[in-house]
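Everything below concerns the one structure shown next.
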Amino acid sequence: CIFIVGGLDYFSNQNIMSLFRRMWGFTFPLIDVRLMGLAGIFFGLMLAKLWAPILGLDWYWYLTIALLLSIKFIITFFKQV
């Protein structure tokens with residue numbers, strides 16, 4: 001996706017990769033992490049309410065998904081301990 005204004009390339013692949021690298025290093029206060037966790041819980045409840053077949057999965061699928069989604073947080077936590 002390239003958007004050229006005045007000959008400048010605002011959305012080049014290099015700029016997008018730089019943005020992702022900076023985003024990977026963000027740190028957040030504990031209250032932000034807790035609020036996002038609560039938002040995730042309520043999003044999951046909404047998803048279960050709207051699409052009931054997802055509740056038919058075995059327990060280990062939920063555990064696997066939760067662990068995969070928390071890898072970055074766990075790595076950051078142990079690097080700072």
Side-chain angles (χ1 to χ4, degrees):
C1 176
I2 296 175
F3 183 70
I4 299 175
V5 174
L8 297 176
D9 213 354
Y10 288 108
F11 294 109
S12 68
N13 286 340
Q14 183 179 10
N15 289 340
I16 291 173
M17 290 308 295
S18 174
L19 174 66
F20 284 133
R21 284 189 194 109
R22 285 186 312 190
M23 286 172 50
W24 189 257
F26 285 173
T27 57
F28 296 98
L30 183 59
I31 188 70
D32 290 343
V33 174
R34 289 185 180 203
L35 289 173
M36 286 306 298
L38 285 173
I41 289 170
F42 282 100
F43 183 78
L45 289 172
M46 181 192 72
L47 183 65
K49 186 74 169 176
L50 294 174
W51 190 45
I54 199 166
L55 296 175
L57 295 175
D58 291 327
W59 66 269
Y60 54 84
W61 284 110
Y62 299 111
L63 178 63
T64 303
I65 293 168
L67 290 175
L68 286 174
L69 293 176
S70 63
I71 287 174
K72 167 70 167 94
F73 179 75
I74 293 169
I75 290 172
T76 303
F77 174 76
F78 282 112
K79 280 184 178 179
Q80 294 179 10
V81 170

Point to revise | Shared hydrophobic cluster, Leu68 / Leu57 (ILVMFWY, side-chain heavy atoms < 4.5 Å) | key: no

Point to revise | For Leu55 against Ala48, the heavy-atom pair lying closest together | key: CD2-CB, 3.7 Å

Review point. How does the hydrophobic cluster around Ile65 look, that is, which other residues are in it when side-chain heavy atoms under 4.5 Å mark a link?
Key: Leu69

Check your understanding: Do Trp51 and Tyr62 share a hydrophobic cluster (ILVMFWY, side-chain heavy atoms under 4.5 Å, transitive)?
Key -> yes

Exercise for review: Establish whether Leu38 and Leu30 are linked, either directly or via other cluster members, by ILVMFWY side-chain heavy-atom contacts under 4.5 Å.
Suggested key: no

Exercise for review: Using side chain to side chain donor-acceptor pair (under 3.5 Å) as the criterion, list what pairs up with Asp58, not counting sequence neighbours.
Suggested key: Tyr60

Practice item. May I ask you to check whether over 12 heavy atoms, not counting those of Lys72, lie within 6.0 Å of atom NZ? Key: yes

Review point. When clusters are formed by joining ILVMFWY residues with side-chain heavy atoms under 4.5 Å apart, either directly or through shared neighbours, do Met46 and Ile41 land in the same one?
Key: no

